[in-house]
Amino acid sequence: MLSAASARTVRVWLKRDSGQYWPSIYHAMPSPCSCMSFNPETRRLSIGLDNGTISEFILSEDYNKMTPVKNYQAHQSRVTMVLFVLELEWVLSTGQDKQFAWHCSESGQRLGGYRTSAVASGLQFDVETRHVFIGDHSGQVTILKLEQENCTLVTTFRGHTGGVTALCWDPVQQVLFSGSSDHSVIMWDIGGRKGTAIELQGHNDKVQALSYAQHTRQLISCGGDGGIVVWNMDVERQETPEWLDSDSCQKCDQPFFWNFKQMWDSKKIGLRQHHCRKCGKAVCGKCSSKRSSIPLMGFEFEVRVCDSCHEAITDEERAPTATFHDSKHNIVHVHFDATRGWLLTSGTDRVIKLWDMTPVVS
């Protein structure tokens, strides 16, 4: 296990015969560590620092030594994300200077850059298409097409009401997952039904980390609420409807409180507007007095639905499509090892936990 900390230290932990983990390497860095990327095939470790530098090391076969390789002067301020792409020998990174950059790992030279609309907090890359996905604090996801020394803006899309906190890419299904401070996860179907966005609501605090098990098509999301949610993505999910606009309840035709003309004509006091999460219609509180979970739409918790939709939802449709687990710490980073079924979580409490996920990720 590898860890990099704001205390300017990098540690490599090895499991001893006793079953305990002890640091075989304790390396001091010149600046606090902000992110890292590790490639097991080459044992190449890339560490982003608060001063904008990316430091690269090669670990020995027995993981008892780390040899410095090179430094990249990548950003003017803190490196927020770093990603090493072995197939292209590229090092991708984002920083608090609102810059996305990519370097050649062989020569160390900067190949190109792109200025993002806000500080980036999520970075994913598709090797086959050379598309890079950048999520930022404004809630926007930017897709760029990278060439050797230039990039082209493909598109940008926005679905979150808060900043993007994590991204996860499934290259097989061509699906991008984005987690946000608005407590939700959105699944973007980029390769198939382009433009389709499906929401997943299963956290009571901001989503801070995502990981994906390709072999079982299960998404793992972790949040500030300490929850670990395992989503079954091998089901036919439904896109959440757009909320409709109306000056009166679309069920009983009672005016809403801003519809002064209808209130005057009908001599009735206006009502507060709500929306049914299943059909998207604008309804009053009386016509939407029921609550229901709608797991196929991503609502694992009970949400407001109109009375007619509540009657139409069957028990089979209310069957959960996710499992919930309490980590008992505020998770800020996760890593899933699909070969073992192990999940590593680290939290704001400076505790690293290792979980056996085989009972639920299988």
Side-chain angles (χ1 to χ4, degrees), residues 1-5 9-17 19-27 29 33-49 54-72 74 79-94 102-106 108 122-128 130 132-133 166-173 177 209-220 222 331-346 352-358 361-362:
M1 185 186 69
L2 288 76
S3 65
T9 57
V10 177
R11 303 188 190 194
V12 179
W13 307 76
L14 293 180
K15 188 176 183 179
R16 307 300 183 183
D17 294 337
Q20 291 183 313
Y21 283 85
W22 294 91
S24 64
I25 296 176
Y26 182 98
H27 186 85
M29 301 296 293
C33 306
S34 54
C35 57
M36 72 174 183
S37 174
F38 179 66
N39 183 272
E41 295 180 42
T42 60
R43 298 186 305 281
R44 188 191 302 256
L45 176 63
S46 305
I47 302 171
L49 303 178
I54 298 174
S55 296
E56 201 169 77
F57 300 86
I58 297 294
L59 299 183
S60 62
E61 291 186 10
D62 59 2
Y63 289 91
N64 282 310
K65 182 182 179 182
M66 54 190 292
T67 304
V69 177
K70 62 173 66 73
N71 290 323
Y72 307 87
V79 182
T80 56
M81 300 292 293
V82 62
L83 188 63
F84 171 66
V85 182
L86 175 62
E87 293 83 352
L88 300 171
E89 294 288 346
W90 285 353
V91 177
L92 314 180
S93 62
T94 57
W102 69 104
H103 292 74
C104 175
S105 61
E106 293 181 316
L123 179 65
Q124 291 287 284
F125 183 72
D126 183 65
V127 176
E128 186 175 347
R130 296 192 181 185
V132 63
F133 308 94
L167 291 180
C168 187
W169 171 245
D170 175 12
V172 178
Q173 301 296 326
F177 300 96
L210 297 172
S211 189
Y212 188 69
Q214 290 185 11
H215 63 297
T216 59
R217 292 194 64 187
Q218 288 173 290
L219 175 72
I220 302 171
C222 302
I331 298 174
V332 295
H333 177 77
V334 299
H335 175 76
F336 180 68
D337 183 350
T339 58
R340 295 182 178 88
W342 289 358
L343 180 74
L344 184 145
T345 64
S346 61
I352 299 173
K353 297 183 180 182
L354 196 59
W355 307 82
D356 181 7
M357 301 296 289
T358 52
V361 182
S362 59

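Only this structure's heavy atoms are used, side chains among them; waters, hydrogens and symmetry mates stay out.
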Visitor: With side chains defined as the heavy atoms from C-beta onward, is the minimum distance between Ile220 and Val334 less than 4.5 Å?
Guide: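 In short, these two side chains do not touch, never coming nearer than 4.5 Å.
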Visitor: Of the non-hydrogen atoms in Phe84 and Ser46, which two are nearest, and what is the gap between them?
Guide: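 Taking every non-hydrogen atom into account, CB-OG, 4.2 Å.
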Visitor: Please identify each residue that fulfils side chain to side chain contact (heavy atoms under 4.5 Å, CB included) with Thr67, with sequence neighbours left out.
Guide: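 Lys65.
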Visitor: Considering all heavy atoms of both residues, which atom of Trp90 and which atom of Phe125 are nearest to each other, and what is their separation?
Guide: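 Looking at all heavy atoms of both residues, the closest pair is CZ3-CZ, 4.1 Å.
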Visitor: So do the side chains of Leu83 and Ser93 get within less than 4.5 Å of each other, counting heavy atoms only?
Guide: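 SC-SC contact between Leu83 and Ser93 ruled out.
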Visitor: Specify the closest pair of heavy atoms between Gly19 and Lys15, including all atoms of both residues, with the distance to one decimal.
Guide: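 Shortest heavy-atom separation between Gly19 and Lys15 comes out as O-CE, 3.8 Å.
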Visitor: Can you name the nearest heavy-atom pair linking Asp62 to Leu14, along with the distance?
Guide: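 Result for this residue pair: O-CD1, 3.8 Å.
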Visitor: Assess whether side-chain contact (heavy atoms from CB on, under 4.5 Å) is satisfied between Leu167 and Met81, documenting all intermediate values.
Guide: CA-CA 11 Å; Leu167 291 180; Met81 300 292 293; over 6 Å; no
Visitor: Within the 4.5 Å heavy-atom criterion, are Arg130 and Leu88 side-chain neighbours or not?
Guide: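 Yes, side chains in contact.
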Visitor: Can you list the residues that meet the side chain to side chain contact (heavy atoms under 4.5 Å, CB included) rule with Arg43, with sequence neighbours excluded?
Guide: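 By the side chain to side chain contact (heavy atoms under 4.5 Å, CB included) rule, Arg43 matches Phe38, Leu59, Glu61, Tyr63.
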Visitor: Kindly give the heavy-atom pair with the smallest separation between Pro171 and Gln214, and that separation in Å.
Guide: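 So the two residues come closest at CD-NE2, 3.2 Å.
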Visitor: Test side-chain hydrogen bond (donor to acceptor under 3.5 Å, both in side chains) on Thr80 and Thr94 and set out the steps.
Guide: CA-CA 6 Å; Thr80 56; Thr94 57; 2.7 Å; yes
Visitor: How far apart are the closest heavy atoms of Ser211 and Leu219, and which atoms are they?
Guide: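 Ser211 and Leu219 have their closest heavy atoms at O-CD1, 3.4 Å.
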